[in-house]
Protein chains: 2
Amino acid sequence: MRKLAKTFKALSDETRLRILNILLERECCVCELMQVLDLTQSRTSRHLITLCDAGFLKFRRQGLWAMYSIDWESMDKYHIDLAGIVREALKDNQTAILDRQKLATTEKIGLTVCSATGSKNGCRN
Amino acid sequence: MRKLAKTFKALSDETRLRILNILLERECCVCELMQVLDLTQSRTSRHLITLCDAGFLKFRRQGLWAMYSIDWESMDKYHIDLAGIVREALKDNQTAILDRQKLATTEKIGLTVCSATGSKNGCRN
DNA sequence: TGATTGTATTCGTTTATCCGCATGCAGTAA
DNA sequence: TTACTGCATGCGGATAAACGAATACAATCA
């Protein structure tokens with residue numbers, strides 16, 4: 001019961017839903033999520049850890065980057081159902097659409113630019 | 001997006017999940033839920049209102065009693081899916097099973113007994 | 001080795017949630 | 001009307017969540 005409540009709690013924050021929305025598109029590192037969602041680094045990292053602890057995400061290190069993605073293999077049935085509900089519910093949501101669009105453009109910009117430009121949103125200025 | 005987060009937040013509390021578990025069995029008044037789940041009156045009432053605001057429950061007055069039940073008619077698709085997930089997830093949960101069993105016996109006891117016995121859990125002693 | 005970069009974590013503050021207690025309100029009945 | 005009963009709500013305290021800023025840590029590279 002406590003675990004179920006915790007699972008729902010992980011989904012009860014708008015920022016975490018926005019993160020899930022992005023990760024439902026593709027695997028991302030913390031830095032990319034910061035850029036796309038315009039969040040600070042600690043905030044992004046913490047929400048990702050929350051989603052990990054709740055069993056939605058998995059983590060792998062690739063060099064300097066911590067890559068997060070939906071943990072489809074290890075999720076049990078109701079986690080998968082919940083991820084499906086989130087995807088469905090955010091399909092036509094304006095914020096979610098904009099985030100996904102920004103993700104698409106950010107793909108082309110890449111990470112090095114982010115740290116080189118000294119953007120106030122990303123990767124330490 | 002905010003609405004979706006609010007929906008999940010309503011499900012992110014163990015007490016509210018226990019309440020939903022009971023209401024998935026049948027319509028109840030506040031007093032019955034207090035007895036079955038061993039909760040104070042204000043606590044029960046507030047959680048019910050939270051679930052109402054989130055769109056899961058409906059309310060009707062029947063004399064002195066406020067009857068709460070799952071609002072199947074007005075719920076949208078993902079509310080219904082979520083209610084299904086909760087039911088499924090709590091099917092084999094020990095606490096949930098015990099609560100449902102207690103509901104079955106409480107049915108036979110009724111309300112008047114509750115207020116007459118001056119039980120410390122229910123209906124003003 | 002030391003510098004750099006991406007990420008996690010600690011700290012302190014602000015805000016939200018949960019709860020019991022007491023009170024107020026609505027419906028019923030005498 | 002008054003009394004009673006079921007329920008909602010205001011209040012204050014305790015606990016937890018969310019956050020930015022700063023710092024610590026880890027992997028890479030010069």
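Lettering follows sequence order; numbering is per chain, from 1. The structure displayed is predicted, hence computed values, not measured ones.
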- Query: Would you say the side-chain atoms of A:R16 pair up with the backbone N or O of A:K9, donor to acceptor, closer than 3.5 Å?
  - Reply: yes

- Between A:L64 and A:T15, just flag the one whose closest nucleotide in DNA chain D comes earlier from the 5' side. A:T15

- Take the protein atom CG of A:L48 and the nucleotide atom P of D:dC19, then report the distance between them rounded to whole Å. 13 Å

- Query: CD of A:Q62 versus C1' of C:dT5: gap in Å, rounded?
  - Reply: 15 Å

- Query: Does C:dC18 have OP1 or OP2 sitting under 4.0 Å from an N or O in the side chain of B:R16?
  - Reply: yes

- Message: Just to verify, what does A:S42 make a side chain to side chain donor-acceptor pair (under 3.5 Å) with, not counting sequence neighbours?
- Response: A:R46

- Rounding to a whole Å, what distance do you find between B:L37:CG and C:dC19:P? 12 Å

Detail all sub-3.5 Å separations between protein N/O atoms and N/O atoms belonging to nucleotides 9-15 of chain C.
from: C:dT10; atom 1: O4; to: A:R46; atom 2: NH1; distance (Å): 3.0

- When you measure from every atom of DNA chain C, which of residues 67-74 of chain A have a heavy atom less than 4.0 Å away? A:Y68

- Query: Starting at CZ of A:F59 and ending at P of D:dA26, how long is that distance when rounded to a whole Å?
  - Reply: 12 Å

- May I have the distance from B:D53 (atom CG) to D:dA8 (atom C1'), rounded to whole angstrom? 13 Å

- Note on the structure: On a heavy-atom basis, the closest approach of A:C29 and A:M67 is CB-SD, 3.6 Å

Can you give me every donor-acceptor pair (side chain of residues 79-92 of chain B, partner residue at least two apart or in another chain, under 3.5 Å) with its distance?
from: B:H79; atom 1: ND1; to: B:D76; atom 2: OD1; distance (Å): 2.6
from: B:H79; atom 1: NE2; to: B:A54; atom 2: O; distance (Å): 2.6
from: B:D81; atom 1: OD2; to: B:K77; atom 2: NZ; distance (Å): 2.7
from: B:R87; atom 1: NH2; to: B:L24; atom 2: O; distance (Å): 2.8

- Message: I need the NZ-C1' distance between A:K9 and D:dA17, as an integer number of Å.
- Response: 8 Å

- Query: Among all residues two or more places apart in sequence or in another chain, which pass the side-chain contact (heavy atoms from CB on, under 4.5 Å) test with B:K6?
  - Reply: B:D53

- Query: Quick one: salt bridge (Lys or Arg N to Asp or Glu O under 4.0 Å) pairs with a partner in residues 60-70 of chain A, sequence neighbours left out?
  - Reply: A:E27-A:R60

- Message: For A:C28 versus A:L103, what's the shortest heavy-atom pair and its separation?
- Response: SG-CD1, 4.0 Å

- Under 4.0 Å between a side-chain N or O of B:H47 and OP1 or OP2 of C:dC19? yes

- Task: Evaluate the side-chain proximity of A:L98 to A:K102: yes if any heavy-atom separation is below 4.5 Å, no if none is.
- Result: no

- Would you mind reading off the distance between B:R61 atom CZ and C:dA26 atom P, rounded to a whole angstrom? 9 Å

- Message: In this structure, how many angstroms lie between the P atom of C:dC18 and the CZ atom of A:R2, rounded?
- Response: 14 Å

- For the side-chain contact (heavy atoms from CB on, under 4.5 Å) test, which of B:L39, B:L37, B:V36 pairs with B:T44? B:L39

